[in-house]
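Shown next, in structure tokens, is the structure this report addresses.
The sequence lines fix the lettering, A, B, ..., with proteins before strands; numbering per chain opens at 1.
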Amino acid sequence: MKTLILTLYISTLLLNCSNSDDSCEWKLIEPVFISNDINGDLINDIFSENNDKLNDIDRNLLIINNEQELSEIYDGENNLGINFEKYFLIGGKFQTSSISNEILNEALFKRDYNSTYKYEITVKQCSECFTAIGNLYYWKIYTSMLNNENIELTIK
Amino acid sequence: MKKCLTFLLILLTLKSFSQNTKINQKIEKVNEKYITKYNGELYDIDTKIITLKLQKGENLIDEYKVVRKNKLGFVDILVPENISIENFVNILFLDSKIEKIEYNVIGKYIDFIPNDTERTLQWYLTNIRAYQAWDITIGSPSVVVGVLDSGTDWSHSDLGLGNDNYQNILLNSGEDIWNDPNDPSTGNGIDDDNNGLIDDWKGWNYANNSNDVRTPNAHGTLVAGIVSAKSNNSIGISGLAGGNNADGVNILPYCIGVNAPIGALIDDAIIDAVDNGARVIQMSLNVPPSSAIDISIQYAIDNNVIVICASGNAGTAVQYPASNNNVISVGGTDQNDLRANFSNFGNNLDIVAPGVGIRSTNLMNTYATQDGTSFAAPQVSAVAALILSVNPNLTAQQVRNIIESTAQKVGGYAYTNTSGRPNGTWDDEMGYGLVDAFAAVQAAMPQPVITGASLVCTSPNQTYTLTNAVGSVTWQVSNNLQIISSSNTNITVSPISVYSGGAGFVKAIMAGTTVQKDVWIGIPSVPSSILGFCCNGKEFGSESIYEFTVRANNQGVNQFNWLVAGGTILEGQ
């Protein structure tokens, strides 16, 4: 399994940490349960190959905290149903070596001691692949963080 | 001295004025070639022949070697071998019998530009010199390319039946046709050709064991369109071997997995493609190595079928099955003819083709632009199909040799002579280089030949036949012959007059090639001697059989009537 680390990383605190130190452990942050209020079909469409605005952006991870940030990738009239005062949206797209690859797992983690966040995506690399460059799309909703922390994206 | 200089100046001025009235063309010498510019384009000048318009009343120029003349006063003359065309023209300026001088500009054949509406998005056609190749062929329906992929949407009007009522999808002649050509369920339910696949009229879906190769994954439709989307049909893209608004190379589609290829199905599909007449097998996929696939590839090679596969997109070593030595492995390049950063490379890379921003047919009768070596490989498969379109007699190995030996050494890479790479210089990032459709098709063409009598008499007229003609043909004959009639394949000639005998020629000029037949006009001189052995040291009469030979004199005499006295002719020709 190859590891590809994409650079969208700014740590809030530059403290050293030993792997043996318990305080270094990453803690899973659960996403928000998708309720009927949230227009999942619309968000799926925004984070898909159908969205030219998203395809024009050369970024693998987008953190959307308000309508203004949302307008960068979506200018439609329909409401996503996300209350940005309480929640924020993580999403994006990234290239893979094959259209046969797929996302196996994705999750947001926090390291308490230095308030570092990472969004980790595990890609299931195909062993039997069609050799077209593929794009994988993803999104999740989380409870808002107080300080709009920066998040590192890791793709494994 | 001053008087002399003034006189020279007047002479030069007069000469310049004279030149301006006698000739309108400007030529210049570039890299040992003479060229001229017309409408912004550069054209070569023929340095061997120049055309003159004679002054009224002048009809013969004794001092020049006349090649042709016509009744309107134009004469083609040979440029003497010991003088440059520029200096010869300077001499001609001073000849008062000449009214006009014209350089012979070597024209260009107009590249075939299909009218497909999305063609301008297919930047890769230029890089691989498709337009020039299309002057020669845009694909023959007799060539079949087996596309082993995620399936192919044959209902796409740029691949299957559209309003133009033809298709580039192979219809299995061994199967009964479906009642509704657009509904695979309307077959007769019988395995008519006894190949174990029921109603496989338009390929086979090995993934779900059905006769419908249409699946939700567009990958195979994109690949098929690059090879043979219908060309010059006023819609969509131009398939590389898609025919000229009529049947092009036929796609034999297989689904060997929808979301991903299934290795266990690939060997079966390869064997079926071979048995159903495919001359090229196209695979844009990688799977773990398999002896079953290796053996099926060998089966293809043994049956003279070319196997072409994408190198992979991991930016690492060439993946399997492209790494199989019997397979032509294809990497991807960008618009600058550089290796795409994702394109796999290394020892097993054979050739490259454009693999970034490749426009092709998509599901739902639409079009899409995609990246990957998946879309480079079908360009090479199409070139293989074009090669076989002009010369179906070539073996798989010959086709491979042509593709590799004609590749363009682009990108500034260090192509070098490499052990085990016999078809020219090679580089581990680019293989033999960028595929060149035009050079490959040119190299594959059977050589044109003019056949007909070597001797032209005053009567009857002689007809010469051109076989293996390439595109449109322009005929030329020597100045002692005249053309009675001509077509693309035949020319009928007769001597200009009974006094114009001697050596002559009939020449056919085609795109990129010229062929000539030397003839003798009039009565040839009779060979003067008969050569033969006599007696081998013994007295004549002591042997029972003697051989005699007439020495040929290159004057068209190649049949003789033999007469002997006091003996019998056993054999004579």
Side-chain angles (χ1 to χ4, degrees), chain A residues 1-8 40-42 44-61 73 76 92-106 120-139 153-156, chain B residues 148-151 217-220 222-223 255-266 283-290 293 309-316 318-322 329-332 340-344 355-358 360 362 368-378:
Chain A
M1 186 96 41
K2 290 177 213 167
T3 299
L4 178 64
I5 297 177
L6 299 170
T7 55
L8 261 175
D41 288 343
L42 177 58
N44 277 336
D45 206 43
I46 291 171
F47 290 98
S48 79
E49 61 187 9
N50 300 328
N51 184 358
D52 289 338
K53 289 194 86 172
L54 179 64
N55 290 329
D56 289 342
I57 294 173
D58 188 22
R59 269 186 284 165
N60 303 109
L61 180 139
I73 58 165
K93 58 148 189 166
F94 55 93
Q95 277 197 343
T96 68
S97 62
S98 171
I99 55 169
S100 304
N101 291 340
E102 55 190 83
I103 292 175
L104 194 63
N105 196 19
E106 56 184 306
E120 190 172 275
I121 298 174
T122 306
V123 176
K124 184 183 176 189
Q125 301 278 354
C126 56
S127 60
E128 298 179 319
C129 319
F130 289 120
T131 46
I133 295 289
N135 281 310
L136 290 177
Y137 297 83
Y138 67 95
W139 63 270
L153 175 66
T154 303
I155 300 172
K156 298 199 296 184
Chain B
L148 279 58
D149 214 290
S150 63
N217 187 347
H219 188 264
L222 287 151
V223 166
C255 174
I256 42 80
V258 178
N259 295 320
I262 300 167
L265 303 178
I266 291 173
M283 293 188 285
S284 285
L285 52 88
N286 60 257
V287 292
S290 148
I293 295 174
C309 190
S311 71
N313 302 329
T316 58
V318 173
Q319 291 169 306
Y320 184 87
S329 65
V330 184
N341 58 3
F342 55 76
S343 178
N344 288 3
V356 177
I358 306 301
S360 189
N362 194 13
T369 302
Q370 297 275 321
D371 300 340
T373 54
S374 272
F375 311 112

Can you tell me which of [options] forms the most heavy-atom pairs within a distance under 4.5 Å of chain A?
options: B:S374, B:G372, B:G312; value: B:S374
options: B:A260, B:A376, B:P261; value: B:P261
options: B:N313, B:I358, B:D371; value: B:N313

Contact class of A:C129 relative to chain B, heavy atoms under 4.5 angstrom
both
Is the shortest side-chain heavy-atom distance between B:H219 and A:I99 below 4.5 Å?
yes
Does any part of the side chain of B:S150, heavy atoms only, come nearer than 4.5 Å to the side chain of A:F130, both counted from C-beta?
yes
For side chain to side chain contact (heavy atoms under 4.5 Å, CB included), just list the numbers for B:N259 and A:E102, CA-CA rounded to whole Å, side-chain angles, deciding distance to a tenth of an Å, and then say yes or no.
CA-CA 10 Å; B:N259 295 320; A:E102 55 190 83; over 6 Å; no
Report yes or no: does [X] contribute a side-chain atom to a donor-acceptor pair with the main-chain N or O of [Y] at less than 3.5 Å?
X: A:S97; Y: B:A314; value: no
X: A:E128; Y: B:I262; value: no
X: A:T131; Y: B:S284; value: yes

Got a second to check how far B:F342's CZ is from A:T96's OG1, nearest 0.5 Å?
11.5 Å
Residue B:N217 versus chain A: region with a heavy atom under 4.5 Å:
side chain
With chain B, which of A:S100, A:A132, A:S98 has the greatest number of heavy-atom pairs at distances under 4.5 Å?
A:A132
